[in-house]
Q: 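What follows is a single structure, and I will ask about it in a moment.
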Amino acid sequence: MPSVGVKLYSVFFKFLLKHRLQNRIQSSGDESSSDPFGVTTRPEESVAAPNPLFTDGVATKDIHIDPLTSLSVRIFLPESALKPLEPSTSAGVYSESRRSSYGFNTGSSSPEAGSSDVYRGYSPSSSGGNSRKLPVMLQFHGGGWVSGSNDSVANDFFCRRMAKHCDIIVLAVGYRLAPENRYPAAYEDGFKVLRWLGKQANLAECNKSMGNSRRPGGEVKKSEVNKHIVDAFGASLVEPWLATHADPSRCVLLGVSCGANIADYVARKAIEAGQNLDPVKVVAQVLMYPFFIGSVPTQSEIKQANSYFYDKPMCILAWKLFLPKEEFSLDHPAANPLVPGRGPPLKFMPPTLTIVAEHDWMRDRAIAYSEELRKVNVDAPVLEYKDAVHEFATLDMLLRTPQAQACAEDIAIWAKKYISLRGHEFSY
């Protein structure tokens, strides 16, 4: 059973959440509450400021990627990306250098690097040809559609942990919250970030091509190339961290609670888009205690409806705030993964790791979805954590528990089957 401290915190948490949900329901009846630009965080959220220095092994920056909405991402770049690749004794195989990369070709993150610029964060240099490329993870936070944020203290801590454990660049998505923006806004925001990632990769390639064509055999100042990109594509700038270090052909989706629903939707849209997303390729997804529900209750929904932190009545309130009133149904495709006709066929889904907690009323439906994936030969294991509650690995109070640490390590072990490269071979 969960500890006494967890039980007490759960009571307090549920009281606050119920109060906030009821306030949102009262305000959602007002037409003025609808805002296409939207919000990605709430005033009561404790947020962590971005830090472009590798003070704890991960540098972060925020980017607002859509001028018409509040959609944004926080990039988490692990310091391991700065280790340059060096040819080993075997042809075509590369090994990591153990030297510090500060001041190397990949750039500098030190204020004493000799620059008088105001910006003191990490900035890749123009000669990034020998830079290490890391896979990319799109992370979607939880919060029951109406709260949570990609820059909250808890989510910032979790994403830093994943960046270091998985040796991966994490893009934490700040999608629009309900009820200001109901379904499908959050889902569309998730897929929009995936397309933005592909656009960034193509712009970076264009940047490189123009640099080579303008002065064959010579160097081109990065400022000149960027200026050409701005002239040709308007406001679409190359994001330097991603251009230098990201490998979008190894993309993992990770969703927490309701964010897992978004991740699953984005995976489906990626399948439908096919080669239109090139060079982005979704190679795996991780669904952490997904926010699934349905009109026909499962055993866990019956026996644990009043479970810790997120009980079933409060989650139904959250769904009422998220789904348009005329579309509300517990069997909505966004809510129930087992309804027929969701498309595309499950056999095309990427490998899917599902994380569930013993004391979570939503666990059975997540397990059932994983079973459906395995029936069509998709690698879809389930990891169930004993004495665990919903959001046991991501909630602020539980982030530093041994279970949360073990969960991050388990995710990293599984994900590296699909994202780790040694030369031209997958390795794990």
Side-chain angles (χ1 to χ4, degrees), residues 6-35 38-47 70 140-155 174-187 189 255-262 288-295 297 300-301 304-332 334-336 357 359-363 365-366 389-392 394-398:
V6 171
K7 292 178 180 179
L8 290 175
Y9 186 69
S10 173
V11 173
F12 177 70
F13 181 91
K14 288 164 77 171
F15 173 79
L16 283 180
L17 181 61
K18 184 177 181 180
H19 177 70
R20 289 169 182 170
L21 287 173
Q22 289 174 339
N23 286 342
R24 300 276 179 248
I25 287 178
Q26 291 175 2
S27 63
S28 65
D30 183 5
E31 292 296 327
S32 62
S33 64
S34 177
D35 177 14
V39 296
T40 59
T41 188
R42 301 291 182 193
E44 62 267 16
E45 290 283 349
S46 297
V47 299
S70 56
F140 305 94
H141 65 82
W145 307 120
V146 300
S147 61
S149 69
N150 66 327
D151 59 357
S152 68
V153 172
N155 200 67
Y175 56 84
R176 289 170 291 170
L177 302 177
E180 293 86 350
N181 294 98
R182 295 174 181 260
Y183 173 86
Y187 284 54
D189 286 350
V256 176
S257 189
C258 65
N261 298 41
I262 300 176
M288 301 182 69
Y289 21 83
F291 209 64
F292 296 149
I293 197 170
S295 60
S300 63
E301 291 173 6
Q304 302 186 48
N306 194 34
S307 57
Y308 303 97
F309 294 101
Y310 292 89
D311 59 37
K312 188 173 182 179
M314 281 196 294
C315 290
I316 292 176
L317 284 180
W319 278 108
K320 287 182 177 178
L321 285 166
F322 177 64
L323 294 174
K325 294 178 182 178
E326 62 277 8
E327 295 183 32
F328 177 76
S329 169
L330 296 183
D331 286 328
H332 191 284
N336 189 350
H359 300 289
D360 182 4
W361 65 268
M362 292 176 266
R363 61 183 290 279
R365 200 172 300 274
V389 298
H390 191 81
E391 288 221 47
F392 72 91
T394 46
L395 207 60
D396 50 1
M397 177 192 179
L398 306 175

Q: Please find the pair of heavy atoms, one from Ser257 and one from Gly142, that lie closest to each other, and give the distance.
A: CB-CA, 4.1 Å

Q: Between Asn181 and Tyr183, is any pair of side-chain heavy atoms under 4.5 Å apart?
A: no

Q: May I have the step-by-step check of ring pair (Phe, Tyr, Trp, His ring centres under 6.0 Å) for Tyr187 and Phe322, ending in yes or no?
A: CA-CA 11 Å; Tyr187 284 54; Phe322 177 64; 5.8 Å; yes

Q: Could you tell me which residues satisfy side-chain hydrogen bond (donor to acceptor under 3.5 Å, both in side chains) with Asn150, sequence neighbours excluded, listed by chain and number?
A: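 In terms of side-chain hydrogen bond (donor to acceptor under 3.5 Å, both in side chains), with neighbours along the sequence ignored, Asn150 is linked to no residue.
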
Q: Once side-chain contact (heavy atoms from CB on, under 4.5 Å) is applied, do any residues pair with Asp396, and if so which ones, sequence neighbours excluded?
A: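 Testing Asp396 for side-chain contact (heavy atoms from CB on, under 4.5 Å), a comparison that skips the adjacent residues, returns Tyr9, Ala154.
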
Q: Does Thr394 have any side-chain contact (heavy atoms from CB on, under 4.5 Å) partners at least two apart in sequence or in another chain, and if so, which?
A: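 Applying side-chain contact (heavy atoms from CB on, under 4.5 Å) to Thr394 gives Phe158, Val256, Met288, Tyr289, Glu391.
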
Q: Taking salt bridge (charged side-chain N to carboxylate O under 4.0 Å, His left out) as the definition, give me every residue that meets it alongside Asp189, ordered by chain and number, with sequence neighbours left out.
A: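 Residues passing salt bridge (charged side-chain N to carboxylate O under 4.0 Å, His left out) with Asp189: Arg176.
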
Q: Side-chain contact test, heavy atoms from C-beta onward, threshold under 4.5 Å: evaluate it for Arg182 versus Glu327 and give yes or no.
A: no

Q: His359: what forms a side-chain hydrogen bond (donor to acceptor under 3.5 Å, both in side chains) with it, not counting sequence neighbours?
A: none

Q: Restricting to side-chain contact (heavy atoms from CB on, under 4.5 Å), what partner residues turn up for Glu44, sequence neighbours left out?
A: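 Partners of Glu44 under the side-chain contact (heavy atoms from CB on, under 4.5 Å) test: Arg20, Arg24, Arg42.
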
Q: Who pairs with Thr41 by side-chain contact (heavy atoms from CB on, under 4.5 Å), at least two apart in sequence or on another chain?
A: Glu45, Val47, Ser149, Asp151

Q: To check you understand the geometry: which heavy-atom pair defines the closest contact between Val39 and Ser70, and what is its length?
A: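 Closest approach of Val39 to Ser70: N-OG, 3.6 Å.
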
Q: Under the rule for side-chain hydrogen bond (donor to acceptor under 3.5 Å, both in side chains), what residues qualify as partners of Ser10, not counting sequence neighbours?
A: none

Q: Which pairs count as salt bridge (charged side-chain N to carboxylate O under 4.0 Å, His left out) when at least one residue sits in residues 6-17, sequence neighbours excluded?
A: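 Counting only pairs at least two positions apart or across chains, the salt bridge (charged side-chain N to carboxylate O under 4.0 Å, His left out) contacts touching residues 6-17 are Lys14-Asp311.
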
Q: With sequence neighbours excluded, tell me which residues meet ring pair (Phe, Tyr, Trp, His ring centres under 6.0 Å) with Tyr175.
A: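 Ring pair (Phe, Tyr, Trp, His ring centres under 6.0 Å) list for Tyr175, sorted by chain: His141.
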
Q: Can you name the side-chain hydrogen bond (donor to acceptor under 3.5 Å, both in side chains) partners of Asp360, sequence neighbours left out?
A: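 For Asp360, the residues satisfying side-chain hydrogen bond (donor to acceptor under 3.5 Å, both in side chains) (neighbours in sequence not counted) are His390.
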
Q: After noting the C-alpha distance and the side-chain angles of Leu398 and Val389, does the key distance pass the side-chain contact (heavy atoms from CB on, under 4.5 Å) rule?
A: CA-CA 10 Å; Leu398 306 175; Val389 298; 3.9 Å; yes

Q: Not counting sequence neighbours, which residues clear salt bridge (charged side-chain N to carboxylate O under 4.0 Å, His left out) with Lys312? List them please.
A: Glu301

